[in-house]
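To start, the structure under review is shown below, and the notes come after it.
Given the structure is predicted, the values throughout are model-derived calculations rather than measurements.
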Amino acid sequence: MTCRSIDFGRTLLDLAACGCSSNASIDRYSVRNYAKFASTTCTRRLRCCRRDIARCRVSSTKTPETLPNGVAQGPVTLLDLKESKGPISLKNLFEVVADDLQTLNHNLRSIVGAENPVLMSAAEQIFGAGGKRMRPALVFLVSRATAEIAGLKELTTKHRRLAEIIEMIHTASLIHDDVLDESDMRRGKETVHQLYGTRVAVLAGDFMFAQSSWYLANLESIEVIKLISQVIKDFASGEIKQASSLFDCDVKLEEYLIKSYYKTASLIAASTKGAAIFSGVDSSISEQMYEYGKNLGLSFQVVDDVLDFTQSAEQLGKPAGSDLAKGNLTAPVIFALEKEPKLREIIESEFCETGSLDKAVELVKHRGGIERAQELANEKAYLAIQSLNCLPRGAFRSALEEMVLYNLERID
């Protein structure tokens, strides 16, 4: 078992039993120094053209210095989307694994089991709610890309089972999240707890966690079992961390990133690394797939938090600014707090005055919170794409790269 302690200033994050080397941790330097170099002029750009992303050109006017811990010191690298030839469609992006996803959709309902009609109905509600299936799609894309390296002609049963397990774990976490957040709608449909009550929703989520754990044990891979088991622990740690810092205007960016890793990036990173492990590739490649998933997950969470301020309730499927209303301070708020003392006063009052939430949202928008959060999402996206250099060029690697760009384009 590999255990690593990562010092984030006043926060000590211990990630144990996940089977990853220390360089798979959240970037210590980029977290600690992000606030300093995010405000500098970005002279380095990654210019990507649609359908030719694998041949990206990186240009820079400054050669970054390398720190003793191996992290390059220099300006933030942003992904330039201006040359994109139209928006990226998830349907087109996942076309290369469409058959895999179709099989997964067929299996998801049966894998839950038919013993309890209420649980089956709850599963049907959440599985049929129009989810993007992003996580299992990433499993299939990484599986097929790394299978080429290993000389496998077809995916193994373990690859496919992993994708199903990952989606079940994700679904269970959504059911529990909706209970904790008291959300009535999910993807435009009523949530499980709204339809069947809190008791059934909690038990349905518990059942899916237990069922996924049973299938996980049957994969008979200690490394992957440790990896995915850590994810379930991370979910709980993330929720506890969030609940203990509500309306706390002193929350730091590194604490936000750790929480985002626990709640979002941990599962995606485990998905991509697990897929590589089942392909039988070298551990250095599976570590890079972990880095890809981790940074994509962090970027995805930051973009979600930006959209909470920039999209309408209809687009979000929930009230705009809902995280802030509940006291969950995300990247846009943390950045805006650095420039606007009035925002602190409003948040610490817990929006007791009529119209105070709307005023806080406007302050976040006009005091640089959105722009700096976008820069953070770009930084993590760039790191994700860099991690794909170990994969062979082709449709699967291109789809993984476009997944990163699709996430950034959600803001536009």
Closest contact, heavy atoms only, [X] versus [Y]:
X: Leu104; Y: Pro136; value: CD1-CB, 3.6 Å
X: Ile268; Y: Gly293; value: CG2-O, 3.4 Å
X: Ala373; Y: Val306; value: CB-CG2, 3.6 Å
X: Val96; Y: Ala395; value: CG1-CB, 3.8 Å

For [X] and [Y], indicate whether the former's side chain and the latter's backbone hold a donor-acceptor pair under 3.5 Å.
X: Thr171; Y: Glu167; answer: yes
X: Lys294; Y: Tyr261; answer: no
X: His193; Y: Asp178; answer: yes
X: Asn389; Y: Gln386; answer: yes
X: Arg397; Y: Pro392; answer: no
X: Asp308; Y: Asp323; answer: yes
X: Glu340; Y: Leu337; answer: no
X: Ser286; Y: Ser283; answer: yes
X: Tyr262; Y: Lys241; answer: no

Side chains of [X] and [Y], heavy atoms from C-beta outward: is any pair under 4.5 Å?
X: Arg372; Y: Leu253; answer: no
X: Val139; Y: Thr272; answer: no
X: Leu267; Y: Phe235; answer: yes
X: Thr264; Y: Leu298; answer: no
X: Ile175; Y: Thr191; answer: no
X: Ile169; Y: Met208; answer: no
X: Val404; Y: Tyr292; answer: yes
X: Gln374; Y: Ile411; answer: yes

* Which residues satisfy the side-chain contact (heavy atoms from CB on, under 4.5 Å) test with His159, sequence neighbours excluded? ->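 side-chain contact (heavy atoms from CB on, under 4.5 Å) list for His159, sorted by chain: Ser143, Leu152, Leu155, Thr156, Phe278, Ser279.
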* Asked: What do the steps show when you test Glu291 against Ser387 for side chain to side chain donor-acceptor pair (under 3.5 Å), and what is the final call?
  -> CA-CA 6 Å; Glu291 286 294 304; Ser387 298; 5.1 Å; no
* Asked: Going through the checks in order, is the side chain to side chain contact (heavy atoms under 4.5 Å, CB included) test met by Phe300 and Met134?
  -> CA-CA 11 Å; Phe300 202 93; Met134 184 188 82; 3.6 Å; yes
So how far is it from [X] [atom1] to [Y] [atom2], rounded to the nearest 0.5 Å?
X: Trp214; Y: Ile165; atom1: CH2; atom2: CD1; value: 10.0 Å
X: Leu383; Y: Asn378; atom1: CG; atom2: CG; value: 11.0 Å
X: Asn218; Y: Ser213; atom1: CG; atom2: OG; value: 11.0 Å

* To do: Quick one: do Asp305 and Tyr256 satisfy side chain to side chain donor-acceptor pair (under 3.5 Å)? Show the steps, please.
  => CA-CA 11 Å; Asp305 293 335; Tyr256 161 80; 2.5 Å; yes
Would you tabulate the side-chain donor-acceptor contacts of residues 343-350 under 3.5 Å, counting partners in other chains and residues two or more places apart, or write 'none'?
| from | atom 1 | to | atom 2 | distance (Å) |
| --- | --- | --- | --- | --- |
| Arg344 | NH1 | Asp250 | OD1 | 3.4 |
| Arg344 | NH1 | Glu348 | OE2 | 3.1 |
| Arg344 | NH2 | Cys249 | O | 3.4 |
| Arg344 | NH2 | Asp250 | OD1 | 2.9 |
| Ser349 | OG | Ile346 | O | 2.6 |
| Ser349 | OG | Phe351 | N | 3.4 |

* Can you check side chain to side chain contact (heavy atoms under 4.5 Å, CB included) on Leu219 and Ile225, steps first, answer last? -> CA-CA 8 Å; Leu219 291 178; Ile225 289 172; 5.7 Å; no
* **Pair Asn407-Lys380, side chain to side chain donor-acceptor pair (under 3.5 Å): steps then yes or no** => CA-CA 11 Å; Asn407 174 53; Lys380 298 304 177 186; over 6 Å; no
* To do: Could you please spell out the steps behind the salt bridge (charged side-chain N to carboxylate O under 4.0 Å, His left out) verdict for Glu164 and Arg161?
  => CA-CA 5 Å; Glu164 294 161 0; Arg161 184 63 80 196; 2.7 Å; yes
* What about the rings of His176 and Phe209, do their centers lie closer together than 6.0 Å? ->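 Between Phe209 and His176, which both carry aromatic rings, the centre distance is below 6.0 Å.
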* Asked: After noting the C-alpha distance and the side-chain angles of Lys263 and Gln301, does the key distance pass the side chain to side chain donor-acceptor pair (under 3.5 Å) rule?
  -> CA-CA 9 Å; Lys263 294 192 66 177; Gln301 184 60 58; over 6 Å; no
* To do: Tell me, yes or no, whether the heavy-atom count around Glu154 atom CD, taken from other residues, nucleotides or ligands under 6.0 Å, exceeds 12.
  =>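 Yes, CD of Glu154 has more than 12 neighbouring heavy atoms, counting only those of other groups under 6.0 Å.
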* Asked: Looking at residues at least two apart in the chain, or sitting in another chain, which of them share a ring pair (Phe, Tyr, Trp, His ring centres under 6.0 Å) with Phe94?
  ->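 With sequence neighbours excluded, Phe94 shows a ring pair (Phe, Tyr, Trp, His ring centres under 6.0 Å) to no residue whatsoever.
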* Evaluate the criterion side chain to side chain contact (heavy atoms under 4.5 Å, CB included) for residue pair Glu371 and Phe335; output intermediate values, then yes/no. => CA-CA 9 Å; Glu371 291 78 8; Phe335 286 128; over 6 Å; no
* **CA sep, side-chain torsions, deciding dist, call: Glu254, Lys259, side chain to side chain contact (heavy atoms under 4.5 Å, CB included)** => CA-CA 9 Å; Glu254 56 263 37; Lys259 181 196 71 175; over 6 Å; no
